[in-house]
There are 2 protein chains.
Amino acid sequence: KVSAMALFFPETQVTAKELFETNPDVLTAHNPDSQLCQLLSVLKSCTKSLDVCMYCLSYEPFLHVMEELSRDSNIVVRVVTNGDKGRHTSGSTTGEEKFPSKRLIQLFKKGVQLKVISMADEALMHNKFAIIDNSLLINGSLNWTENSIFNSYNDCLITTDPRLVFAYSQQFNEFWSLD
Amino acid sequence: KVSAMALFFPETQVTAKELFETNPDVLTAHNPDSQLCQLLSVLKSCTKSLDVCMYCLSYEPFLHVMEELSRDSNIVVRVVTNGDKGRHTSGSTTGEEKFPSKRLIQLFKKGVQLKVISMADEALMHNKFAIIDNSLLINGSLNWTENSIFNSYNDCLITTDPRLVFAYSQQFNEFWSLD
Ligand SMILES: [Zn+2]
Ligand SMILES: [Zn+2]
């Protein structure tokens with residue numbers, strides 16, 4: 001099991017095109033060394049709770065994993081996202097659109113819990129982190145968009161340090177309890 | 001000494017206005033509990049090297065610390081930044097402008113080493129991390145801009161986990177060795 005890992009993007013071992021020629025379910029087996037597949041594997045390891053706090057999330061492999069996890073009645077998937085126009089979505093499969101996107105609303109209807117944070121003017125809910133089973137934290141500069149994964153330089157840190165997991169969980173719960 | 005810490009923004013204990021009514025040098029003493037001052041204190045603890053890899057850095061308290069550190073002949077300050085138009089600068093003291101900004105070029109002339117990464121189209125050098133003395137890592141969603149600190153939700157993780165520090169140092173050095 002991973003206790004600390006760093007993943008750097010853009011992804012070099014797999015292309016977006018290759019992914020969509022494949023069933024997203026076999027992504028991990030397909031190219032286990034790719035940064036993207038390693039990150040998705042960590043998400044798929046979830047057994048109880050997935051808390052996602054993500055400025056932009058539009059890339060289907062991530063949404064697919066969230067959808068699959070939420071089908072398991074033992075797993076609660078919660079998402080906090082930015083309510084304004086996504087600005088990191090260009091180059092993604094969904095393009096620039098108002099958040100929450102149609103796809104996110106679809107996930108919501110299927111059982112993913114959703115909290116949309118809309119702020120004034122230039123202010124953003126700009127976080128990009130996730131907590132798995134209250135014991136593993138993912139953070140960094142990486143938004144879950146196609147452009148962030150395949151075109152831009154981004155970092156993604158994974159840690160099980162309980163002090164950090166606790167601090168980020170508290171922050172997530174603060175978002176969750178906002179009116 | 002800090003070995004793991006999480007800071008969350010927007011800053012609530014100090015305002016941008018208060019900062020600039022004060023000498024930036026006394027920031028730490030001025031409001032030590034604020035998130036911003038805690039982050040600046042960590043930067044000021046540098047004794048050998050500060051490696052900054054930051055999509056947008058325009059906020060003067062950060063630039064001021066970098067400038068002060070670079071005056072110390074025992075300290076090497078290196079900066080990797082995005083060469084395209086800064087997109088997280090709105091609301092900052094410098095406003096939207098081409099990167100590197102005049103202020104960054106001024107720092108460069110004063111001894112801060114600078115590497116500007118320009119990418120095609122929508123691709124960005126979107127990282128936001130820093131490594132102090134090859135032993136402490138700062139990462140997260142936080143750009144070093146006024147808007148990021150005072151208006152937006154952002155996270156900032158600090159760790160001395162040697163596995164993570166090593167991985168990020170490698171990535172920094174890869175940027176540094178790019179042609
Ligand atoms: Zn961003
Ligand atoms: Zn950004």
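All chains are named by letter (A, B, ...) in the order of the sequence lines, taking the proteins before the strands, and each is independently numbered beginning at 1.
- Side-chain atoms of A/H126 do not come within 3.5 Å of backbone N or O of B/S148 as any donor-acceptor pair.
- Put simply, B/V80 and B/F166 are part of two different groups of oily side chains (I, L, V, M, F, W, Y) that touch within less than 4.5 Å, one to the next.
- Listed by chain and number, the residues in a side-chain contact (heavy atoms from CB on, under 4.5 Å) with B/S3 are A/R163, B/T160 (sequence neighbours excluded).
- Closest approach of A/Y153 and B/Q171 over heavy atoms only: CD2-NE2, 4.3 Å.
- Within residues 4-13 of chain A, the residues having any heavy atom closer than 4.5 Å to a heavy atom of chain B are A/A4, A/M5, A/A6, A/F8, listed by residue number.
- Only the backbone of A/C156 comes within less than 4.5 Å of a heavy atom of chain B; no side-chain atom from C-beta onward does.
- Linking ILVMFWY residues whenever their side-chain heavy atoms come closer than 4.5 Å, directly or via other members, leaves A/M125 and A/I105 in distinct clusters.
- Nearest heavy-atom pair across A/G140 and B/N139 is CA-ND2, 3.6 Å.
- Other residues, nucleotides and ligands contribute only 12 or fewer heavy atoms inside 6.0 Å of the CZ atom of A/F108.
- Sorted by first and then second residue, the pairs that involve residues 73-82 of chain A and meet salt bridge (Lys or Arg N to Asp or Glu O under 4.0 Å), not counting sequence neighbours, are A/D51-A/R78.
- If you chain together hydrophobic residues whose side chains sit under 4.5 Å apart, A/L104 and A/V116 fall into the same group.
- Proximity to chain B (any heavy atom under 4.5 Å) is shown, for A/N127, by both the backbone and the side chain.
- Contact count versus chain A (heavy atoms, under 4.5 Å) is highest, among B/D161, B/T159, B/I158, B/L157, for B/L157.
- Applying the salt bridge (Lys or Arg N to Asp or Glu O under 4.0 Å) test to residues at least two apart or on different chains, the pairs with a partner in residues 108-120 of chain A are A/E67-A/K110.
- Atoms NZ and CG, on A/K128 and B/N154 in that order, are 7.5 Å from each other to the nearest 0.5 Å.
- Atoms OH and CG, on A/Y168 and B/D155 in that order, are 3.5 Å from each other to the nearest 0.5 Å.
- Around the CZ atom of A/F175, the shell of radius 6.0 Å holds more than 12 heavy atoms that belong to other residues, nucleotides or ligands.
- Follow the hydrophobic side-chain contacts under 4.5 Å out from A/I131 and you never reach A/V76; the two are in separate clusters.
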